[in-house]
Amino acid sequence: MQAHCLSDVLADLRDHGWVHHIPRLMVLGNYGLRRGWRPAAMVDFFHRSFVDGYVWVMTVNVVGMSQYADLGRMSTKPYVSGGAYVNRMSDYCGGCRYDPKKRLGEQACPYTAGYWAFLARSRDRIPPNARMARAIAQLGRLGDVDDVVRQEKRRGDAAPSQLSRRPARRRAAAARGAGRSGARTPGR
């Protein structure tokens, strides 16, 4: 995966078995939601990959918040965002090959383009509420939304190669010895 935010979070997860709650939602969950991954598959991934991937935490966080699979019982809107939000809330975009301001072309950020493609695909299923009204109105004004949707279909919905299964013994070792100092926290 060439998006700096996703590759960095996946590397931290691989190395430590843990990342902060915000990258879990803002980077990993957001990516899965925009790509249309099954919520049950995301829950399974989080259970297997995180040393603190307990059922009582991950099911609520992944199903309710991250994947909006409960259609608003846990949160008032899908936890989906574009590259501008990731850039504003973290330092992941520095040095990335993608530009969070672009939604089309070789430098189009997969978070920015994916955000608009997700909204285009899901607008009829998102209940109307004040928190989503502005984004849905903006979507209607985008002249290139069909091109963005086609581009994101070409990018596909496959998981990055770093989302491979992690042996349980490595998770246990990470929980015992990695500590949390190696995990990157968003924010500047």
Side-chain angles (χ1 to χ4, degrees), residues 1-10 19-39 41-42 60-160 163 184-188:
M1 170 47 60
Q2 296 178 354
H4 188 251
C5 57
L6 189 56
S7 62
D8 192 63
V9 170
L10 289 171
V19 295
H20 189 272
H21 179 74
I22 299 302
R24 290 183 201 204
L25 294 176
M26 180 175 64
V27 176
L28 297 178
N30 186 10
Y31 190 82
L33 176 62
R34 287 181 295 98
R35 295 294 168 197
W37 296 348
R38 289 184 8 256
M42 288 296 292
V60 172
N61 279 311
V62 175
V63 171
M65 292 179 75
S66 165
Q67 300 304 291
Y68 198 66
D70 64 357
L71 295 175
R73 296 176 100 178
M74 175 74 180
S75 58
T76 59
K77 72 177 211 58
Y79 197 93
V80 62
S81 64
Y85 180 78
V86 174
N87 189 37
R88 186 170 50 252
M89 299 303 290
S90 73
D91 60 354
Y92 292 128
C93 296
C96 185
R97 74 174 294 265
Y98 299 112
D99 183 343
K101 295 178 184 135
K102 294 187 178 181
R103 61 181 174 261
L104 276 176
E106 289 294 315
Q107 291 183 321
C109 174
Y111 280 78
T112 301
Y115 173 75
W116 293 111
F118 169 81
L119 289 181
R121 181 178 76 239
S122 305
R123 74 176 126 206
D124 295 335
R125 294 184 306 220
I126 298 172
N129 72 47
R131 294 187 70 201
M132 292 301 296
R134 183 175 177 196
I136 297 297
Q138 260 183 299
L139 177 68
R141 290 190 295 269
L142 293 181
D144 60 0
V145 72
D146 291 336
D147 294 330
V148 171
V149 168
R150 280 192 292 278
Q151 170 186 271
E152 292 310 292
K153 281 185 182 179
R154 282 191 306 274
R155 281 186 175 170
D157 61 1
L163 290 180
R184 177 184 211 161
T185 55
R188 294 183 179 187

**Student:** Considering non-hydrogen atoms only, spot the tightest contact between V9 and P23 and give its length.
**Tutor:** CG2-CB, 3.8 Å

**Student:** Please walk me through it: do L25 and M65 pass side-chain contact (heavy atoms from CB on, under 4.5 Å)?
**Tutor:** CA-CA 8 Å; L25 294 176; M65 292 179 75; 3.7 Å; yes

**Student:** May I ask you to decide if L104's main-chain N or O and D144's side chain share a donor-acceptor pair within less than 3.5 Å?
**Tutor:** no

**Student:** Looking at P100, is its backbone amide N or carbonyl O close enough to the side chain of T112 to form a donor-acceptor pair, meaning the two atoms are under 3.5 Å apart?
**Tutor:** yes

**Student:** OH/Y68 to OG1/T76 distance, rounded to the nearest 0.5 angstrom?
**Tutor:** 7.5 Å

**Student:** Working to the nearest 0.5 angstrom, can you tell me the gap between R97 CZ and H4 NE2?
**Tutor:** 13.5 Å

**Student:** Which pair of heavy atoms, one from A3 and one from P110, lies closest together, and at what distance?
**Tutor:** CB-CG, 4.0 Å

**Student:** Say you draw a straight line from SG of C5 to CG of L10; how long is it, rounded to the nearest 0.5 Å?
**Tutor:** 9.5 Å

**Student:** Taking the side chain as every heavy atom from C-beta outward, state whether L33 and M42 have any pair of such atoms under 4.5 Å apart.
**Tutor:** no

**Student:** With distance as the sole test, does N87 use its side chain to make a donor-acceptor pair with the main-chain N or O of C93 at under 3.5 Å?
**Tutor:** no

**Student:** Grab the two heavy atoms, one from S81 and one from V86, that are nearest each other, plus how far apart they are.
**Tutor:** OG-CG2, 4.3 Å

**Student:** In Å and rounded to the nearest 0.5 Å, what is the CD to OG distance from Q2 to S7?
**Tutor:** 9.0 Å

**Student:** In residues 114-125, what donor-acceptor pairs under 3.5 Å come from side-chain atoms, sequence neighbours left out?
**Tutor:**
{"from": "R121", "atom 1": "NH1", "to": "R34", "atom 2": "O", "distance (Å)": "3.2"}
{"from": "R121", "atom 1": "NH2", "to": "R34", "atom 2": "O", "distance (Å)": "3.0"}
{"from": "S122", "atom 1": "OG", "to": "F118", "atom 2": "O", "distance (Å)": "3.0"}
{"from": "S122", "atom 1": "OG", "to": "R125", "atom 2": "NH2", "distance (Å)": "3.2"}

**Student:** Please determine whether the number of non-hydrogen atoms from other residues, nucleotides or ligands lying under 6.0 Å from atom NZ of K101 exceeds 12.
**Tutor:** no

**Student:** If I compare all heavy atoms of Y92 with all of M26, which pair ends up nearest, and what's the gap?
**Tutor:** CE1-CE, 4.3 Å

**Student:** What is the distance from atom CZ of R155 to atom CZ of R35, rounded to the nearest 0.5 Å?
**Tutor:** 6.5 Å

**Student:** Search all heavy atoms of Q151 against all heavy atoms of A108 and return the closest pair with its distance.
**Tutor:** NE2-CB, 3.8 Å

**Student:** Does Y111 use its side chain to pair, donor to acceptor, with the backbone of V27 at less than 3.5 Å?
**Tutor:** yes

**Student:** Return the CG to CG distance between L142 and D147, rounded to the nearest 0.5 Å.
**Tutor:** 11.0 Å

**Student:** Take V63 and M74 through the test side-chain contact (heavy atoms from CB on, under 4.5 Å) and record every step on the way to the result.
**Tutor:** CA-CA 9 Å; V63 171; M74 175 74 180; over 6 Å; no

**Student:** Between the main-chain N or O of R38 and the side-chain N or O of Q67, is there a donor-acceptor pair closer than 3.5 Å?
**Tutor:** no

